[in-house]
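Some notes on the structure that comes next.
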Amino acid sequence: MSSDITAAVPRPPARSASSPVLTGAQAVVRSLGLLGVTDVFGLPGGAIMPVYDPLMDDESVRHILVRHEQGAGHAAEGYAAATGRIGVALATSGPGATNLVTAIADAYMDSVPLVCITGQVFSTLMGTDAFQEADIVGITMPITKHSFLVKRAEDIPGAIAAAFEIAGTGRPGPVLVDITKDAQQNSAPFVWPPKIDLPGYRPVTKAHGKQIQAAAQLLAEAKQPVLYVGGGVIRARASAELVTLADATGAPVVTTLMARGAFPDSHPHHLGMPGMHGTVPAVLALQEADLIVALGARFDDRVTGKAALFAPNAKVVHVDIDPAEISKIRFADVPIVGDVRDVLVDLEAAFRGAAEGATPDIDQWWAYLNGLREEFPLGFAPTTDGLLAPQHVIQRIGELTGPEGVYAAGVGQHQMWAAQFIKYERPNSWLNSGGAGTMGYAVPAAMGAKVAEPDRVVWAIDGDGCFQMTNQELATCVINEIPIKVAIINNSSLGMVRQWQTLFFEGRHSHTDLHTGHGTARVPDFVKLAEAYGCLAIRVEREDEVDAAIELALATNDRPVVIDFVVSADSMVWPMVPQGVSNSEVQYARQHAPAFDEED
Ligand SMILES: Cc1cc2nc3c(=O)[nH]c(=O)nc-3n(C[C@H](O)[C@H](O)[C@H](O)COP(=O)(O)OP(=O)(O)OC[C@H]3O[C@@H](n4cnc5c(N)ncnc54)[C@H](O)[C@@H]3O)c2cc1C
Ligand SMILES: Cc1ncc(C[n+]2csc(CCOP(=O)(O)OP(=O)(O)O)c2C)c(N)n1
């Protein structure tokens, strides 16, 4: 990510005779309301208490009291990822602020627009190891687009407005506003809108016409093109424009883990997800392409495999709003910096000109790819231990809920199966932690999504390991009437790590058995745990019970539902290209695991 915000310091507003005098704390709440914020997730403590006082009476901003600040951060992320709006989290100084750090890092990796407001100790005490003092600005500097430290009441509206501007424009991301307690307590005239002055922060949204022309020419000439679609297409709300370009060019499309839903799974051009656990056609389409048009995608190592061996014959057009991404991993023959939605519109028009009304002849390419589709469809083997097949459970959740649902996943095998076996037809319907791979994301993210989209069915598809990291937010859901549905894909183990141990560590399952699912001693018993929170709780152990449980969950909207699906621990995520090998290995990797090269 580029760090071009060299001096993002808002100037204090000019005093106006008509400006009401507010405390800094009141200014925080008033600013949020004026910025259109309706929901905030947080947890109070000494250094942020002044802000909580006016928050109590404010009618425009709903505060949802979480059980752990990490939950506030992920809830704000889920809120943002489900809507494109900016998520807001609130915490006190010291441990409250550091509890937000994982979610901030997560949002940074996945380009999620987030504003985190933290209380800081009195400015006079800063640097003295004061009670609950932590340098959260310093801690978060490498994982935010910008971190503000505000020490004067009059600077608060400007800092908050600037934080929203930075979080939501250009490449979206997290911004921290750390406000000292004296700034919250002191008073100043409240001037709105504040003047925002962000020298050095100039996101480029309009791409260079010459580059668009060059890209269009390559598209018109390519024999084996692929549109490599990334999460940037969702952030840019560019799905409709993407379909138009795909239809015009006839090119196949692959969607990364972060882009599931950016392009309808039902579209005939869609080959599915590329990468380590991608479909064979998607992986080989990228690998054997002569032209890759990367659209808001960042050539992550989970997608490229061994980068030096990735797509050896492909020219690359790389479209990204963040110039730092271009040619970072793979040289871009045609670099295009800009907003991908605008670029798609311009590119389609330029392509029509370059192709002179003709459709490129890529029939041979399609014949090859369609052959791969037939030979390597996504599928899964039945289990041999009598336990449920996790893929079947997840597939049925998707089929019975449908594409209008929202699906938030944890991290691990269940995440990959949810990416593979649920059909996504619309953007913002799939929420997950891709870049950081943060276990514990699902339940609070689903909670945030449900707050933002109360009329949608929202599922958290979670692992038994992930669920144990943040399930306390079920209390938040029950108390605040946020009826999410949680499917625990309970393989009684840290399944993804166990899979790697099976494949690459000679089956030595070191410290991955969680004892949550199988046998008589379940620690914890998820049904009892969920009931203790006030959820409807169901355990499913047989295949003929799966549909009824999902249907009961879909019919229950007066409280959260938790279904403990007891699944086989031996099910594996396939296909798999092991770390550090060429993506060309994907067909073989399906049956045999090639040697694991830790160096790569
Ligand atoms: C267990 C596990 C396994 C995984 N396996 C896979 C796998 O098999 N396949 C896979 O694909 N991923 C996989 N991932 C995810 C992987 O780690 C990366 O998170 C993911 O591949 C990155 O997706 P992306 O390239 O779409 O980029 P994102 O992280 O979504 O980045 C979006 C890009 O778009 C740009 N952008 C944002 N807004 C705009 C805009 N308006 N206009 C233009 N550009 C914009 C950003 O600058 C950024 O470069 C896995 C993750 C985990 C945890
Ligand atoms: C916070 C955190 N710690 C550790 C990991 C490493 N890790 C990745 S997947 C995984 C296992 C997840 O287990 P579970 O939630 O049960 O999901 P499963 O893989 O079994 O579906 C672990 C430990 C991580 N991604 N995040």
Side-chain angles (χ1 to χ4, degrees), residues 1-2 70 102 106 108-113 169-173 203-205 207 228-238 254-260 262 272-279 282-283 294-305 318-326 328-329 336-344 390 409-420 432-442 461-470 488-500 511-512 514 516-517 567 569 571 573 575-577:
M1 189 177 272
S2 62
Q70 182 183 355
T102 299
D106 191 88
Y108 189 70
M109 290 291 274
D110 286 349
S111 303
V112 181
T169 56
R171 179 178 186 163
V204 175
T205 54
Y228 162 31
V229 173
V233 169
I234 294 179
R235 300 289 180 258
R237 302 173 197 266
V254 301
T255 50
T256 68
L257 182 72
M258 293 307 297
R260 304 290 293 119
M273 182 171 83
M276 179 178 273
H277 294 298
T279 67
V283 172
L295 300 161
R298 56 184 179 80
F299 293 87
D300 185 87
D301 53 77
R302 285 287 179 273
V303 170
T304 61
H318 194 173
V319 182
D320 204 293
I321 202 157
D322 184 350
E325 286 298 338
I326 310 260
K328 183 180 84 177
I329 308 284
I336 302 183
V337 178
D339 183 275
V340 68
R341 184 158 72 162
D342 291 351
V343 171
L344 281 165
V411 169
Q413 291 180 308
H414 63 282
Q415 175 191 23
M416 294 299 107
W417 291 318
Q420 293 174 333
N432 84 136
S433 168
T438 306
M439 290 174 69
Y441 172 88
I461 296 184
D462 219 356
D464 43 310
C466 294
F467 182 69
Q468 292 189 74
M469 292 201 176
T470 49
I488 307 173
I489 307 302
N490 183 358
N491 54 12
S492 203
S493 61
L494 297 167
M496 185 56 99
V497 180
R498 188 179 190 276
Q499 172 165 342
W500 282 51
H511 300 282
T512 43
L514 289 173
T516 44
V567 304
S571 296
V573 183
M576 179 174 188
V577 185

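Indexing begins at 1, ligand by ligand and atom by atom, following the structure's order.
In this structure, G412 does not count as a contact residue of ligand 1, since none of its heavy atoms falls inside 4.0 Å of the ligand.
Of the heavy atoms in M416, only side-chain atoms (C-beta onward) come closer than 4.0 Å to ligand 1. Residue E325 touches ligand 1 through its side chain alone, judged by heavy-atom distances below 4.0 Å.
Atom 12 (N) of ligand 1 has its closest protein heavy atom at L257 CB, 3.3 Å. Atom 24 (P) of ligand 1 has as its closest protein heavy atom T256 OG1, 3.6 Å. Ranking the protein heavy atoms by distance from atom 34 (O) of ligand 1 puts G296 O, 3.1 Å first. Nearest protein heavy-atom contact of atom 1 (C) of ligand 1 is Q415 OE1, 3.7 Å. The protein heavy-atom contact nearest to atom 6 (C) of ligand 1 is R302 CB, 3.8 Å.
Residue-ligand proximity, A236 to ligand 1, at heavy-atom distances under 4.0 Å covers atoms 40 (C), 41 (N). The A297 neighbourhood of ligand 1 comprises atoms 25 (O), with distances under 4.0 Å to a heavy atom of that residue.
Shown here are the side chain to side chain contact (heavy atoms under 4.5 Å, CB included) partners of T169, two or more places apart in sequence or in another chain: E165, Y201, P203.
Under a 3.5 Å cut-off, the side chain of D322 and the backbone N or O of A324 do form a donor-acceptor pair. No donor-acceptor distance shorter than 3.5 angstrom exists from the side chain of D320 to the backbone of R298, with no hydrogens or angles considered.
Near ligand 2, residues V411, G412, Q413, H414, G437, M439, G463, D464, G465, C466, N491, S493, L494, G495, M496, V497 come within 4.0 angstrom through at least one heavy atom.
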